[in-house]
Structures are given as C-alpha cells and as structure tokens.
Amino acid sequence: MLKTKKTTDSGIEIQEVYTPSMLHKSDIELPGKWPFTRGVQPDMYRGKLWTMRQYAGFSTAEESNKRYHYLLSQGVSGLSVAFDLPTQIGYDSDHVLAEGEVGKVGVSINSIEDMQRLFKDIRLEDISTSMTINSTGFILLSFYVALAKQQSANLKMLSGTIQNDILKEYAARGTYIYPPKPSMRIITDIFEWCTNELPKWNTISISGYHIREAGSTAVQEIAFTLSNGKAYVKAALEKGLDINVFGKRLSFFFNAHNNLFEEVAKFRAARRMWAKMMKELGATDEKAMMLRFHTQTGGSTLTAQQPLNNVSRVTIQTLAAVLGGTQSLHTNSFDEALSLPTEDSARIALRTQQIVAYESGVTDTVDPLAGSYFVESLTNEVEQEAWNLIAKIDAMGGSVNAIEQGFIQDEIARSAYKYQRQIEQNEKIIVGVNKFVADKEEKVPGLKIDDNIRSVQIERLQKLKAERNTETAEKALLNLSIAAKENTNIMPHVLYAVENNCTLGEVADTLRNVFGEFK
C-alpha cells in the first residue's frame with residue numbers, strides 16, 4: 001500500500017521523520033544576533049511580552065472611541081485602527097462613491113474633528129497606535145500628529161505605525177489611488193519627514209497579510225512581501241536617505257494560518273532573509289537589519305459555518321505567531337466571518353492572547369522550537385523556495401515591474417484557485433465546512449451598523465466647511481499642489497492643511513489633480 005504524500009500548504013513535502021543529517025546548517029545561531037533567525041531580542045518574551053493589539057474601528061469616531069476605551073480596560077497594550085473604505089481611498093463621506101460604505105468596515109474619518117472624537121480622553125503620547133491605512137496613510141498620520149500637537153504631546157515620543165504599503169494594494173487588495181511612481185514618492189516623503197519629526201514612528205508596515213488573504217501560500221507571502229520591502233528601501237536610497245536610519249523604522253505585517261510548523265518556519269526564515277537582504281543593500285547597523293513584525297491571525301481561515309470553531313483556529317494561529325517571535329499581535333474574533341466583532345467576541349480574542357502569554361509556558365524560553373529537526377529543516381526549505389521566487393522578481397526588475405506585468409497577481413490567483421479546488425475535492429479538510437458538518441447551525445449575534453452614519457458625517461462636513469477660514473484652507477491646498485508639482489516634501493503641507501480644517505477628500509483630490517489616478 002502506497003503511503004500518502006504529505007505537504008505543507010506551500011507544497012513543501014513533509015518527510016515521515018526528520019534526523020540531524022537533514023540539516024545543512026552547522027553554525028549555532030543565538031537570539032538577538034545576526035541574522036536573527038531565532039528572534040530580534042536576546043531574551044524575547046522573558047524581557048517583554050509582545051504588544052497585544054485588537055484591531056477595531058466601525059461606525060462613527062464616537063462609537064470606535066467607546067470600543068478603544070473598553071479594550072484598554074481589558075488589557076490591550078496598543079490600539080489598532082480600522083478605517084472604512086471611503087477613508088481608505090480618499091473620499092469624504094459626502095462623495096457619491098461613499099454611499100453605502102460609510103462606517104461599515106471601519107471608522108469614518110473626514111477631518112481633524114473626527115480624529116479628536118476618535119481619541120477622546122486618550123493621550124497619544126501614552127499609547128502605541130497602529131493604523132491600517134495605505135493610499136491615504138500620509139493624511140491620517142497628519143491628522144494624528146495634528147491631534148498630538150493639540151494635546152501638547154512631545155512628537156519625538158509618539159510611537160506607532162502606519163501601514164503605508166501601496167505595492168501590495170496593486171498586487172492583492174485594491175485600495176490604491178495614485179499610480180505607482182507618485183505613490184512611492186509619497187512613501188519616501190513620509191520616511192524623510194518622520195526621520196526628523198517622529199523618530200520613534202514606524203513609517204511603513206510592509207504587509208504580507210493581505211497577500212495571504214488574497215490566496216497566496218506562506219512561501220509566496222514572505223517572498224512577495226520582502227521583495228516589496230526591497231523596492232521601498234531602494235526608493236529611499238535613491239532619495240538619498242540613510243539606510244541605517246530609516247531601516248530601523250521599517251516594520252512588517254504578516255498573517256498566521258493553521259499549519260503551525262510551516263507558519264513558525266515562515267517567520268524564522270523571513271527574519272533571516274531580511275537580514276541578508278538589508279546587508280546586501282548596504283546596511284551596516286544590525287538594528288537596521290532586524291525584521292520586526294506585527295501578526296494578525298488569518299481572517300480568510302475563519303468559517304461562517306460553526307463559527308465557535310474559530311476560537312480553536314485563532315488559538316493555533318496565536319501559538320504560531322508567538323512561537324515564531326512576533327513583536328505585536330492581533331487575534332481575530334470568532335464571529336468575523338459573519339460581521340464586525342461584538343464586545344464579547346473581541347474580549348474572547350484578547351483573552352486568547354493573554355492565556356497563551358500567562359498560562360501556556362511558551363514564553364518562558366526564547367525560540368522554544370529551535371533545534372527541532374523538522375522546524376529547522378522546514379525553515380531552510382521555506383527560505384530557499386522564497387529566494388527562488390525573489391530571483392524571478394529581481395529578473396523582471398523588481399516588485400514594481402513584476403506587479404505592472406501581473407506576475408505577482410497571477411501567482412496569487414493560481415494559489416488561491418488551487419487551494420479552493422483542494423477544499424472542493426476534499427483533499428483539504430476544513431472542519432465544519434467539508435467534513436464534520438452540522439445539521440443545524442448555531443446563531444451568533446452580530447454587530448449592527450446604523451445606516452444613518454453617512455447623514456451624520458455629511459452634516460458634520462457641512463458645518464466644518466461653513467465655520468472654517470475658507471481662504472486659509474484654499475491657500476493650504478494650493479501650497480500642497482505646488483509642493484507636489486515641484487517634488488518637494490509634501491508632509492509639512494499636508495499637516496498644515498489638516499490643521500486648518502481641510503478634509504481628507506480635499507487633500508486626496510488635490511494630489512489626484514497632480515498625480516492622476518491608477519486605472
């Protein structure tokens with residue numbers, strides 16, 4: 001009888017047993033030492049636990065503010081903001097394309113006043129805030145800085161992250177505005193400005209998460225993400241920025257799926273690869289070679305069928321992230337295949353992190369799976385497969401060219417199709433979906449979003465525009481347009497515009513008129 005061949009989700013064959021002879025790496029690596037396979041800190045979670053974030057944002061800024069205060073009271077150590085689709089693609093709530101989408105998948109932010117409502121009674125200097133925002137990331141960062149200035153915060157102490165990763169939007173997610181070249185210019189403007197004004201701010205979170213959500217494999221996730229990272233570094237170098245300075249403020253954002261050992265190997269391989277890549281690009285400071293990353297458990301792995309099973313899935317994914325050495329973690333709520341999370345489901349998701357942190361024992365030693373013949377071999381194999389993909393992208397001239405040629409999109413689409421076919425043909429078992437199904441599905445109460453939010457936001461916009469100094473606002477937008485055309489850094493002009501009550505849509509449109517839109 002022939003034995004069934006076992007593979008990881010990336011198609012790497014898994015041997016029946018692993019032995020020392022399979023390891024080709026003879027040198028002993030230590031945590032906190034180059035190339036950081038075993039972690040970026042020598043003591044990892046013995047010194048400090050990962051930042052526990054819960055991604056939240058919906059409806060109006062007031063409603064999201066209530067959720068943030070609730071999460072802070074439950075023990076989160078950092079906030080993570082979700083924005084609605086109009087905010088993500090640079091439309092105010094009164095735009096015709098915003099209809100039906102205001103406040104639905106995230107919070108609606110049109111102006112500095114919305115930002116004031118979002119962080120009411122929260123001192124920005126005292127927390128770390130991550131914002132999942134890309135094409136309008138520079139505007140939301142400006143709102144945030146403007147609010148911090150109103151709070152008399154020390155901008156040098158502000159900490160957090162804007163995702164600001166536009167390349168994966170073209171490849172996998174779709175919330176882009178401007179063509180690739182001006183988009184890359186905006187990103188390097190942010191790098192340059194934050195180096196001087198916000199030295200503790202992570203200027204980009206190079207995201208594999210959405211690449212994986214679109215259907216990539218684990219290998220593709222890190223290969224495409226690191227290739228995008230390489231493109232950002234090269235763009236910054238061409239602008240004359242110091243890799244040893246801006247390199248320390250780059251961060252990454254990865255997905256955690258259910259194949260526990262492949263996910264751990266993926267995180268370990270990614271750290272080693274980035275260290276090598278940055279060294280080749282000219283970094284000499286080891287801190288600029290460290291791959292620091294946030295993890296979110298896999299949204300696409302959650303099932304609408306038997307949704308309580310998702311608690312178990314998220315627990316496995318949490319373990320993968322922690323065993324893989326994440327610096328920050330968001331755990332999805334079990335009901336997110338059905339709706340935005342309720343307070344109860346968000347609390348259970350947070351408790352999952354806390355139980356792993358304080359009860360499981362996996363934080364007691366650094367990189368506890370190191371030395372496993374299986375994990376070490378798999379780390380090497382994931383790394384090699386990812387390098388093979390990166391070589392193909394480099395041969396095309398890098399990520400921007402590979403995206404423009406459709407290579408990355410096609411690779412993701414093929415993997416997504418193959419995975420779905422495996423489920424449909426019962427080659428891959430999804431519990432509760434194609435096996436162990438229930439005759440009767442349990443009902444889960446979902447979070448309902450008020451359809452009147454758009455009306456509220458439009459009324460606020462009208463009031464803001466009626467009461468602001470119109471001449472000052474128009475002059476601020478004109479100066480922004482001139483800076484964009486003259487290729488000078490746009491960030492001081494964006495900040496001045498939002499401080500003078502220019503809206504997100506007005507700033508985005510000003511640059512649409514200069515840069516055009518990507519079609």
What heavy-atom pair brings Leu155 and Ala148 nearest, and what distance separates the two atoms? CD2-CB, 3.9 Å
Give the intermediate values and the outcome of side chain to side chain contact (heavy atoms under 4.5 Å, CB included) for residues Asn500 and Arg468. CA-CA 8 Å; Asn500 285 282; Arg468 73 185 178 183; over 6 Å; no
Do Asn258 and Gln317 have a side chain donor and acceptor closer than 3.5 Å? yes
Taking the side chain as every heavy atom from C-beta outward, state whether Arg173 and Asn134 have any pair of such atoms under 4.5 Å apart. yes
Distance alone, cut at 3.5 Å: any donor-acceptor contact between the side chains of Gln74 and Arg351? yes
Test your reading of the model: is there a side-chain donor-acceptor pair from Asp84 to the backbone of Gly106, 3.5 Å cut-off? no
Any sub-3.5 Å donor-acceptor pair from Glu169's side-chain atoms to Thr175's backbone N or O? yes
When you compare the side chains of Thr379 and Arg268, does any donor N or O come within less than 3.5 Å of an acceptor on the partner? yes
If you look at every heavy atom in Val362 and Leu323, which pair is closest and at what distance? CB-CD2, 4.1 Å
Cationic N near anionic O, under 4.0 Å, Asp410 to Arg414: no
Could you go through the side chain to side chain donor-acceptor pair (under 3.5 Å) check for Glu385 and Ser10 one step at a time? CA-CA 9 Å; Glu385 291 292 320; Ser10 295; over 6 Å; no
Under 4.5 Å between any side-chain heavy atoms of Lys435 and Lys428, yes or no? no
Taking Ser108 for the side chain and Val102 for the main chain, is one N or O donor matched with an acceptor at less than 3.5 Å? no
Within the distance-only criterion (no hydrogens, no angle test), does the side chain of Glu213 pair as donor or acceptor with the backbone N or O of Ser300 below 3.5 angstrom? yes
Criterion side chain to side chain donor-acceptor pair (under 3.5 Å) on Tyr232 and Asp165, from CA distance to verdict: CA-CA 9 Å; Tyr232 294 127; Asp165 176 4; 2.5 Å; yes
Rounded to the nearest 0.5 Å, how far apart are CE of Met115 and CG of Leu504? 9.5 Å
dist Phe83:CZ -> Thr132:OG1 (nearest 0.5 Å) comes out at 8.0 Å
Please tell me if the side chains of Phe261 and Thr8 come closer than 4.5 Å, counting only heavy atoms from C-beta onward. no
Would you say the side chain of Asn164 lies within less than 4.5 Å of the side chain of Leu141, judging by non-hydrogen atoms? no
Identify the two heavy atoms, one from Phe143 and one from Asn110, that lie closest to each other, and give their separation to 0.1 Å. CZ-O, 3.8 Å
Worked check of side chain to side chain contact (heavy atoms under 4.5 Å, CB included) between Glu125 and Gln151: CA-CA 9 Å; Glu125 199 174 321; Gln151 294 182 353; 6.0 Å; no
Have Ser399 and Asn228 got a donor and an acceptor in their side chains that come within less than 3.5 Å? yes
Between Glu113 and Arg460, does a salt bridge (Lys or Arg N to Asp or Glu O under 4.0 Å) hold up when you go through it step by step? CA-CA 9 Å; Glu113 290 184 354; Arg460 287 173 170 174; over 6 Å; no
Evaluate side chain to side chain contact (heavy atoms under 4.5 Å, CB included) for Ile162 paired with Met131, printing each intermediate quantity in order. CA-CA 5 Å; Ile162 44 171; Met131 294 187 276; 3.7 Å; yes
Do Pro180 and Ile403 touch side chain to side chain, with heavy atoms closer than 4.5 Å? no
Return the minimal non-hydrogen interatomic distance between His69 and Lys120, and the atom names on each side. NE2-O, 2.9 Å
Between Tyr170 and Ser183, is there a side-chain donor-acceptor contact under 3.5 Å, judged purely by atom types and distance? yes
Would you find more than 12 non-hydrogen atoms of other residues, nucleotides or ligands less than 6.0 Å from Glu99 atom CD? no
Modelled atom types, side-chain donor and acceptor of Glu221 and Ser216, under 3.5 Å: no
Does Gln116 use its side chain to pair, donor to acceptor, with the backbone of Gln150 at less than 3.5 Å? no
With no hydrogens and no angle check, is any side-chain donor or acceptor of Thr303 less than 3.5 Å from a backbone partner on Gln305? yes
For Ser333 and Ala349, which heavy atoms make the closest approach, and how far apart are they? OG-CB, 3.9 Å
Flag, side chain of Arg271 to backbone of Leu291, donor-acceptor distance under 3.5 Å: no
Between Ile390 and Ser227 the two heavy atoms that sit nearest each other are CG1-OG, 3.5 Å
Check for a donor-acceptor pair, side chain of Asp92 on one end and backbone N or O of Gly505 on the other, with a separation under 3.5 Å. yes
Under a 3.5 Å cutoff, is there a donor and acceptor pairing between the side chains of Gln88 and Thr136? no
With rounding to the nearest 0.5 angstrom, report the CZ to CG distance, Arg67 to Leu340. 8.5 Å
Backbone N/O of Met52 and side chain of Ser77: donor-acceptor pair under 3.5 Å: yes
NZ (Lys168) and CD1 (Ile206) are apart, to the nearest 0.5 Å, by 10.5 Å
Over 60° means perpendicular and under 30° means parallel, so tell me whether Tyr68 and Phe119 are parallel, tilted or perpendicular. parallel
Without hydrogens or angle criteria, can the side chains of Gln353 and Gln54 be said to hold a donor-acceptor pair below 3.5 Å? yes
Between Trp274 and Phe252, ring centroids under 6.0 Å: yes
Thr352/Thr297 under side chain to side chain contact (heavy atoms under 4.5 Å, CB included): CA gap, chis, key distance, verdict: CA-CA 11 Å; Thr352 302; Thr297 56; over 6 Å; no
Could you label the plane-to-plane angle of the Tyr45 and Trp50 rings as parallel, tilted or perpendicular, counting under 30° as parallel and over 60° as perpendicular? perpendicular
Which is it for Asn452 and Ser455 under the side chain to side chain donor-acceptor pair (under 3.5 Å) test, yes or no, and what are the steps along the way? CA-CA 5 Å; Asn452 293 323; Ser455 299; 5.1 Å; no
Output yes when a side-chain donor or acceptor of His257 lies under 3.5 Å from a complementary backbone atom of Asn259, and no otherwise. no
Drop me the distance from Thr129's OG1 to Leu158's CG, to the nearest 0.5 angstrom. 8.5 Å
For a quick check under 3.5 Å, do Arg53 and Ser328 share a side-chain donor-acceptor pair by atom type? yes
Side-chain contact test, heavy atoms from C-beta onward, threshold under 4.5 Å: evaluate it for Ile122 versus Leu79 and give yes or no. yes
If you count every heavy atom of other residues, nucleotides or ligands that lies below 6.0 Å from Glu517 atom CD, does the total exceed 12? yes
Would you say that Val314 contacts Phe334 through its side chain, given a criterion of any heavy-atom pair below 4.5 Å between the two side chains? no
How far does CG of Asp9 sit from OG1 of Thr217, to the nearest 0.5 angstrom? 8.5 Å
From CA spacing to verdict: side chain to side chain donor-acceptor pair (under 3.5 Å), Gln457, Asp114: CA-CA 9 Å; Gln457 289 295 87; Asp114 283 334; 3.2 Å; yes
Do Thr161 and His294 touch side chain to side chain, with heavy atoms closer than 4.5 Å? no
